[in-house]
Structure formats: C-alpha cells, structure tokens
Amino acid sequence: MSWAKHAVGEVQEYLRMLIQVGRGLVTRPIYRHDIVEQFDAIGIGSLTVVLLTGTFTGMVLALQSGMTLDQFGARSVVGRLVSASMVKELGPVLTALMVTGRVGSGIAAELGSMMVTEQISALRALGTDPIRKLVVPRVLAGVIMVPLLTIVGDAVGMIGGGIISSTQLQVASSVYWSSVTDGLFIGDIWMGIIKPFVLGFVLVTIACHVGMRTKGGTQGVGRATTNAVVGGSVAVLAADFFVTKLLIAWLY
Amino acid sequence: MEAPVIKFDGVSLAFDDKVILDGVSFDLLPGRMKIVLGASGAGKSTILRLILGLLRPDAGQIFVAGERVDNMPEVDLMAVRAQLGMVFQEGALFDSLTVRENVGYRLFEETDMPISEVDARVKEVLGFVGLDEYADRMPSELSGGQRRRVAIARALTARPRILLYDEPTTGLDPITALTIDDEIIKLRDLENVSSIIVTHQLRDAFHIATHEAVQRNGKLEFVKAEPAKLEETEFLMLKNGKIAFEGQAEELRHSEDDYLRAFLS
C-alpha cells in the first residue's frame with residue numbers, strides 16, 4: 001500500500017502548489033520581469049518546433065485523407081478533413097506534446113537543479129517565495145502561450161495541407177480553401193481554442209511540481225526531467241480526452 | 001542580561017523514525033558567535049534551517065530577535081528572514097545571475113530601493129570580501145573560494161543582525177579556507193553581527209574562535225584573541241540529537257569526554 005500512500009501524497013502536494021499559484025496570481029508581490037522572460041522562453045522559443053510539426057502534420061493529413069477519399073471519389077473535400085482534424089484535435093494535442101518535450105523538460109531540469117543546489121532554499125532565505133518567483137511566471141506563460149502556439153500550428157497545418165493538395169493531389173487551391181471553411185463549425189473553433197488553455201496549464205504545472213520536488217543530486221534532476229516529460233505527455237492526452245468529452249456535451 | 005537574538009527551547013525534530021534533534025536548548029546573545037560541531041548527519045545544518053523557518057520542529061520553541069518563528073506563517077517569516085543572512089554550503093549562488101545581481105538580489109527584488117543605491121551597497125559589500133572587480137562575472141567563472149565569498153557578500157547586503165554559515169570552508173583548500181575564516185572573524189569583530197557557524201572543519205573552527213580582527217593605524221590585522229574576545233565565541237557539540245558539550249575553545253580542548261576526544265583527535 002506504500003505506493004498508494006505515495007500517490008495520494010503526491011496529488012496532495014500538487015493541489016497545494018496549485019492553491020499557492022492561485023494566491024500568487026492575485027496578490028503581490030508579482031515578478032513582472034520574470035513573467036516577460038518566461039513568455040519569451042516558452043512562447044517565442046517554441047515557435048520553430050510548432051511551425052515544423054504543424055506543417056508536416058497538415059501535409060501528411062492531406063496525403064492520407066486524399067488516399068482514403070479517392071475510394072469515394074471525393075478528393076475535392078480533402079480540405080474539410082484537414083481543417084476539422086487540425087483545429088479540433090491535432091493542433092492542440094501536438095502543440096501541447098511538443099511544448100511538453102521542449103518546455104516541460106526544461107522547467108523540470110532548471111527547477112530541479114536549483115532545488116538540489118539549494119538555490120530554492122537560498123531564495124526563501126532571501127525573502128522570496130519561490131512559487132511566486134519561479135512557478136507563477138511559468139504557469140502564466142504556459143496558459144497564454146500554448147493557445148497562441150496552437151493557433152499558429154493550426155494555420156501552418158492547413159497551409160501545409162493546401163500545398164500538398166495542389167501539388168500532389170491536383171485539387172485546386174480555391175477548392176481546397178472553400179472546403180477548409182466548410183469543414184469548420186463555430187463549435188469546432190471554440191473547442192480548438194479552449195482545449196490548449198487546459199493543456200498548457202496541465203503540462204506546465206506538472207513540470208513545475210516535479211521540478212520543485214526533486215531530490216537526490218544530479219541523478220534526481222535526470223529523473224525529474226524524465227518524469228516531467230512522461231507524466232506531462234500522458235496527462236496532456238488524458239486531459240484532452242476528458243475536456244473533449246465535456247466540450248462535446250457543452251458545445252454541440 | 002541582554003535578550004538573546006536566537007533562542008532554542010527544547011527543540012525536537014525527527015524525519016520518519018530518525019531522531020535529528022532531541023530537546024535542544026541554547027541561547028545566542030547579541031554580538032556573540034556559536035560554532036556548532038558534530039558528525040555528518042548529526043543535525044547541524046538542520047539547526048540553521050529551523051532558524052530560517054525552512055523547516056519546522058516537531059516540538060519546542062524557537063525565537064529569532066524575540067519573535068517566535070517555529071509556528072509562524074510563511075508570509076510573516078519573510079520579515080524575520082530580513083534580519084538573517086545565510087551562507088549556504090557550496091554558496092548556492094543563482095547561476096543564471098551575475099555576481100552583482102546575486103549580491104544585490106534581496107535589494108533589487110524585495111525592496112523599492114533605487115538601483116543606484118543598490119549598486120553602491122553591492123560595491124561596498126563586494127569590497128568588504130575583496131571581490132569588487134568581479135561584479136559582472138557569472139558564478140560559474142569563479143573559483144570555489146571566490147564563490148563562498150560572494151555568498152557571504154550576498155548574505156551581508158541587507159545588513160542582517162544575524163549571520164548563519166553552513167559549512168563555510170568545507171571542500172576548500174586550507175589556504176583558501178583561512179581567507180574565509182578571516183572574513184567571518186572580521187564580521188564578528190568589526191561589524192558586530194551575531195553568528196552561528198555549522199562546521200566539521202575543526203582547524204577553521206579553532207582558528208575563528210581564537211583569533212580576532214583589529215584595526216591598527218588604519219590597517220586590518222588578525223591576532224591571537226584577548227581573553228575578553230575568547231568569551232564571545234562558544235562551541236556547541238551535537239551528539240545523537242542532544243548537546244554533548246557547550247563551552248569555549250580551551251574547555252573543549254581539555255575535555256575528558258571520550259566522544260569529544262575521539263572527535264577532536
């Protein structure tokens with residue numbers, strides 16, 4: 001039963017951190033400089049990887065669905081499939097997964113090494129609450145930047161799909177783009193925008209939690225980094241399922 | 001009698017079933033120094049963490065500058081910590097910040113002091129530890145001894161009344177260790193701060209206890225301490241979570257206790 005006790009303790013600590021983050025968001029002191037720095041690190045820093053994954057995903061979606069649609073002689077509606085799957089599902093999830101790999105690991109490694117070299121204790125000794133100084137800026141940046149990155153990912157995905165449609169599938173660009181807009185309903189757009197807020201929050205808070213609980217030297221930092229990526233990715237996919245279920249009941 | 005700046009009253013702490021401290025009581029008077037000795041894992045550093053409120057005791061009371069800290073909420077502890085300067089083992093400098101930003105951290109981040117005043121103070125404390133030319137370096141570019149001195153400077157910046165040193169000379173060569181010892185002596189004798197040093201480096205501990213810093217004709221010298229000065233520094237030996245010895249350097253040297261003799265030899 002010791003693992004159960006351990007798991008409950010871990011969840012308890014995670015929730016306690018969330019409460020402290022909530023308090024840190026609405027009361028002073030707020031470390032503006034760190035917030036700006038994290039927006040840059042998490043948002044601008046992840047742009048390249050999101051552009052690349054978005055484009056390739058859109059391209060492969062067009063190739064695959066083009067093949068399937070051929071069986072029904074419906075190649076011209078390829079745009080619908082690309083836009084619907086990109087905006088509702090692949091854009092938010094793939095962006096969140098890429099950010100987990102890039103940012104989640106970075107956060108866990110950074111906070112973890114600060115933990116094992118006593119820099120976090122030093123912060124507290126110097127009168128700074130590490131949650132406000134380190135965690136709040138990262139959570140804010142994650143919650144705001146992941147949705148923005150998702151929108152960018154969606155856009156380049158649809159453009160990538162368009163390039164493949166016109167060069168490989170011989171679907172005229174005007175046909176593709178009108179099909180893209182036909183495929184999108186207002187509910188889909190809401191879903192595509194609401195989801196990444198949740199996913200961004202989940203992945204950053206897990207990385208911060210894992211980082212702040214690092215123990216045991218360099219090895220501990222390695223373990224924390226792995227846990228942040230594995231735990232964060234699984235949590236992103238699980239959260240995606242539950243949020244999708246909730247939003248389907250709510251939006252449609 | 002003066003009121004103690006730090007008071008431990010029957011403090012106990014255990015991690016799971018390992019007893020770290022068992023009813024520890026002592027007082028630190030203003031301007032005095034306590035050197036805490038003990039084997040590794042004897043709970044020496046724990047005492048410093050309890051004073052800072054980074055850890056909470058299971059039982060007993062802890063007072064810092066007359067305020068009870070063992071049950072104080074984290075928010076109020078921030079004000080108490082302003083009176084404490086802590087030099088962590090290995091320095092614990094923020095490795096993403098320059099020496100200047102490290103040393104001025106508390107003033108930059110936690111006060112409204114104008115930048116020019118902060119810079120002046122940073123220059124002053126870096127000058128005190130003899131590193132004023134290193135302000136724009138990163139901590140990774142410094143040697144082990146320089147890093148400890150920056151850590152001492154950082155602890156000094158906000159003019160604390162009490163300084164806490166966690167193994168300030170561990171891992172340094174004997175010559176560099178002596179320069180750190182001299183900084184500690186200077187702070188006790190010239191700046192009159194109260195301090196607690198946790199260490200197992202006996203050589204440094206005795207050096208600090210038996211020397212004093214004096215200004216002669218505007219020059220700083222380190223000489224053998226006068227009897228009055230010797231009284232200002234006391235040793236405190238921890239054994240199995242209890243205080244096994246409390247007294248001055250001479251008494252410790254001539255102790256007949258087997259454990260103390262084994263520890264000192």
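Quick note on labels: first sequence line is chain A, next is B, and so on, each numbered from 1. Keep in mind that this is a model prediction, so the values were computed, not measured.
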Q | Pairwise side-chain contact, B/Arg159 with B/Val193, heavy-atom cut-off 4.5 Å (strictly under) | A | no
(Q) Within the 4.5 Å heavy-atom criterion, are A/Phe242 and A/Val198 side-chain neighbours or not? (A) no
Which atoms of [X] approach chain A - backbone, side chain, both or neither, heavy atom under 4.5 Å:
| X | result |
| --- | --- |
| B/Glu74 | side chain |
| B/Phe94 | both |
| B/Leu93 | backbone |
| B/Glu110 | side chain |

Q) Rounded to the nearest 0.5 Å, what separation is found between the CG atom of A/Leu246 and the CZ atom of A/Phe241? A) 11.0 Å
Any salt bridge linking [X] with [Y]? Criterion: basic side-chain nitrogen under 4.0 Å from a carboxylate oxygen.
| X | Y | result |
| --- | --- | --- |
| B/Lys123 | B/Glu133 | no |
| A/Glu110 | A/Arg138 | yes |
| B/Glu109 | A/Lys133 | yes |
| A/Arg124 | A/Asp129 | no |

Q) Can you tell which of B/Arg106, B/Glu90, B/Gln89, B/Met86 has the highest number of heavy-atom pairs within less than 4.5 Å of chain A? A) B/Arg106
Q. Looking at A/His33, A/Glu118, A/Gln119, which one has more heavy-atom pairs under 4.5 Å with chain B than the rest?
A. A/Gln119
Q. With a 4.5 angstrom heavy-atom cut-off, which part of A/Ile120 approaches chain B: side chain, backbone, both or neither?
A. neither
Q | Interchain contact, A/Thr128 with chain B, by part (heavy-atom threshold 4.5 Å) | A | both
(Q) Testing A/Leu111, A/Val21, A/Leu134 one by one against A/Cys208 for a side chain to side chain contact (heavy atoms under 4.5 Å, CB included), which residue passes? (A) A/Leu111
Q) After noting the C-alpha distance and the side-chain angles of A/Thr55 and A/Ile159, does the key distance pass the side-chain contact (heavy atoms from CB on, under 4.5 Å) rule? A) CA-CA 7 Å; A/Thr55 314; A/Ile159 294 169; over 6 Å; no
Q: Return the minimal non-hydrogen interatomic distance between A/Arg132 and A/Arg28, and the atom names on each side.
A: NH1-O, 3.2 Å
Q: With chain A as the partner chain, list the residues of residues 47-73 of chain B whose heavy atoms fall under 4.5 Å from it, by residue number, and write 'none' if nothing qualifies.
A: B/Arg49, B/Leu52, B/Gly53, B/Leu54
